[in-house]
2 protein chains.
Amino acid sequence: MERASERLLTPGEVASLFRVDPKTVTRWAASGRISSIRTPGGHRRFRESEVRALLLGEPSESAT
Amino acid sequence: MERASERLLTPGEVASLFRVDPKTVTRWAASGRISSIRTPGGHRRFRESEVRALLLGEPSESAT
DNA sequence: TGTCATTAGGGTAATTTGGGAC
DNA sequence: ACTGTCCAAATTACCCTAATGA
């Protein structure tokens with residue numbers, strides 16, 4: 001279910017977090033790599049929880 | 001305390017810092033010598049703090 | 001109302017990935 | 001054992017103008 005108070009992030013904020021260009025974040029959304037919500041005007045917004053989960057990624061591979 | 005935004009570096013930037021080929025940085029990441037974060041597109045990003053620490057040298061091994 | 005930063009959209013160059021080999 | 005370079009493909013960065021957001 002959805003959380004009414006889920007914080008949304010702008011493409012620029014997500015881009016800063018990943019150290020990529022805002023356009024790249026837009027491309028991720030267009031490719032379905034990340035879900036996005038659109039404002040009535042067409043701008044994208046991203047769920048902070050999902051972005052953070054993506055940032056965590058997979059734990060570093062252990063050096064055996 | 002949360003680290004909402006850790007500054008990240010690209011493979012090319014890390015390579016320049018160490019004066020090695022980007023491919024070598026990739027090998028370090030693949031072998032677990034340095035931790036990395038992946039963009040949804042698969043590109044690697046490195047924590048600046050970790051890179052700086054590595055650049056300073058490891059105290060426990062510098063005098064072996 | 002108007003201003004100004006950000007975003008969308010399209011196109012092209014640069015970077016990064018992955019593997020294998022020397 | 002470690003690094004640099006070859007390849008092809010994918011991802012990302014930067015250019016522009018117009019629209020949206022605050």
Side-chain angles (χ1 to χ4, degrees):
Chain A
M1 301 310 268
E2 318 203 353
R3 303 253 150 83
S5 309
E6 168 64 281
R7 188 144 63 129
L8 298 179
L9 302 177
T10 64
E13 292 172 329
V14 177
S16 297
L17 259 22
F18 280 96
R19 187 44 167 99
V20 295
D21 191 273
K23 280 306 176 55
T24 297
V25 178
T26 292
R27 210 175 298 109
W28 293 341
S31 308
R33 295 182 205 268
I34 183 174
S35 57
S36 64
I37 296 172
R38 305 272 264 181
T39 66
H43 284 200
R44 297 188 180 83
R45 295 283 110 103
F46 306 87
R47 296 181 183 288
E48 183 181 39
S49 59
E50 186 177 355
V51 173
R52 284 186 181 286
L54 250 28
L55 270 174
L56 293 177
E58 302 171 36
S60 314
E61 298 173 32
S62 51
T64 312
Chain B
M1 306 294 244
E2 287 190 29
R3 300 216 177 289
S5 56
E6 161 71 70
R7 198 147 45 157
L8 303 175
L9 300 176
T10 63
E13 292 171 333
V14 176
S16 297
L17 257 21
F18 280 98
R19 284 197 169 287
V20 295
D21 192 272
K23 178 89 170 186
T24 297
V25 177
T26 293
R27 285 171 175 157
W28 292 343
S31 59
R33 294 167 193 257
I34 183 173
S35 59
S36 64
I37 292 174
R38 302 276 233 159
T39 66
H43 283 204
R44 297 187 181 85
R45 294 282 109 107
F46 305 87
R47 297 181 184 286
E48 185 184 41
S49 58
E50 186 176 354
V51 173
R52 285 183 187 277
L54 254 24
L55 280 170
L56 292 177
E58 300 179 45
S60 53
E61 289 203 67
S62 55
T64 315

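Naming: A, B, ... by sequence-line order, numbering from 1 per chain. Every value quoted in this text rests on a predicted model; they were computed, and no experiment measured them.
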Colleague: Mapping B/Arg19 and A/Val20 to their closest nucleotides on DNA chain D, which lands nearer the 5' end?
Modeller: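 Going by which nucleotide is closer to the 5' end, it is B/Arg19.
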Colleague: From CD1 of B/Ile37 over to P of D/dT11, roughly how many Å is that when rounded to an integer?
Modeller: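 After rounding, the gap between these two atoms is 20 Å.
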Colleague: Taking OP1 and OP2 of D/dT3, is either one under 4.0 Å from a side-chain nitrogen or oxygen of B/Trp28?
Modeller: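 For D/dT3, OP1/OP2 do have a side-chain N/O of B/Trp28 under 4.0 Å.
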Colleague: May I ask you to test the A/Leu8-A/Arg47 pair for a side-chain heavy-atom distance under 4.5 Å?
Modeller: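 Of all side-chain heavy-atom pairs linking A/Arg47 with A/Leu8, at least one is under 4.5 Å.
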Colleague: Roughly, in whole Å, what's the span from NE2 in B/His43 to C1' in D/dA9?
Modeller: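 In whole Å, D/dA9 C1' and B/His43 NE2 are 10 Å from each other.
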Colleague: In whole angstrom, give the distance that lies between atom CG of B/Asp21 and atom P of C/dA21.
Modeller: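 About 19 Å, once rounded to whole Å.
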Colleague: Would you name the heavy atoms of A/Trp28 and A/Val20 that are closest together and state the gap between them?
Modeller: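 Looking at all heavy atoms of both residues, the closest pair is CH2-CG2, 3.7 Å.
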Colleague: Heavy atoms, side chains only, cut-off 4.5 Å: are A/Arg19 and B/Glu13 in contact?
Modeller: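 Answer yes - side chains close enough.
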Colleague: If only side-chain N and O atoms of B/Thr26 are considered, is one of them under 4.0 Å from the OP1 or OP2 phosphate oxygen of C/dT17?
Modeller: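 Yes.
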Colleague: Could you give the CD-to-C1' distance, from A/Glu13 to D/dG21, as a whole number of Å?
Modeller: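 Rounding to the nearest Å, CD of A/Glu13 and C1' of D/dG21 are 13 Å apart.
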Colleague: How long is the line joining CZ of B/Arg38 and P of C/dT17, in whole Å?
Modeller: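 Taking atom P of C/dT17 as the reference, CZ of B/Arg38 is at 7 Å.
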Colleague: Between A/Arg45 and B/Arg27, which has a closest nucleotide on DNA chain D that is more 5'?
Modeller: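 Nearest-nucleotide comparison on DNA chain D picks B/Arg27.
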Colleague: Closer to the 5' end of DNA chain C via nearest nucleotide, is it B/Lys23 or A/Thr10?
Modeller: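 It is A/Thr10 whose nearest nucleotide is closer to the 5' end.
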Colleague: For a side chain to side chain contact (heavy atoms under 4.5 Å, CB included) check, start with the C-alpha distance between B/Leu54 and B/Phe18, then their side-chain angles and the critical distance, and finish with the verdict.
Modeller: CA-CA 9 Å; B/Leu54 254 24; B/Phe18 280 98; 3.7 Å; yes
Colleague: For D/dT11, take OP1 and OP2 only and decide whether either is under 4.0 Å from a side-chain N or O of B/Thr39.
Modeller: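 For D/dT11, neither OP1 nor OP2 has a side-chain N or O of B/Thr39 closer than 4.0 Å.
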Colleague: Please classify the nucleic acid contact of B/Arg44 as base, sugar-phosphate, or nothing, using heavy-atom distances under 4.0 Å.
Modeller: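 Sugar-phosphate, backbone atoms only, no base.
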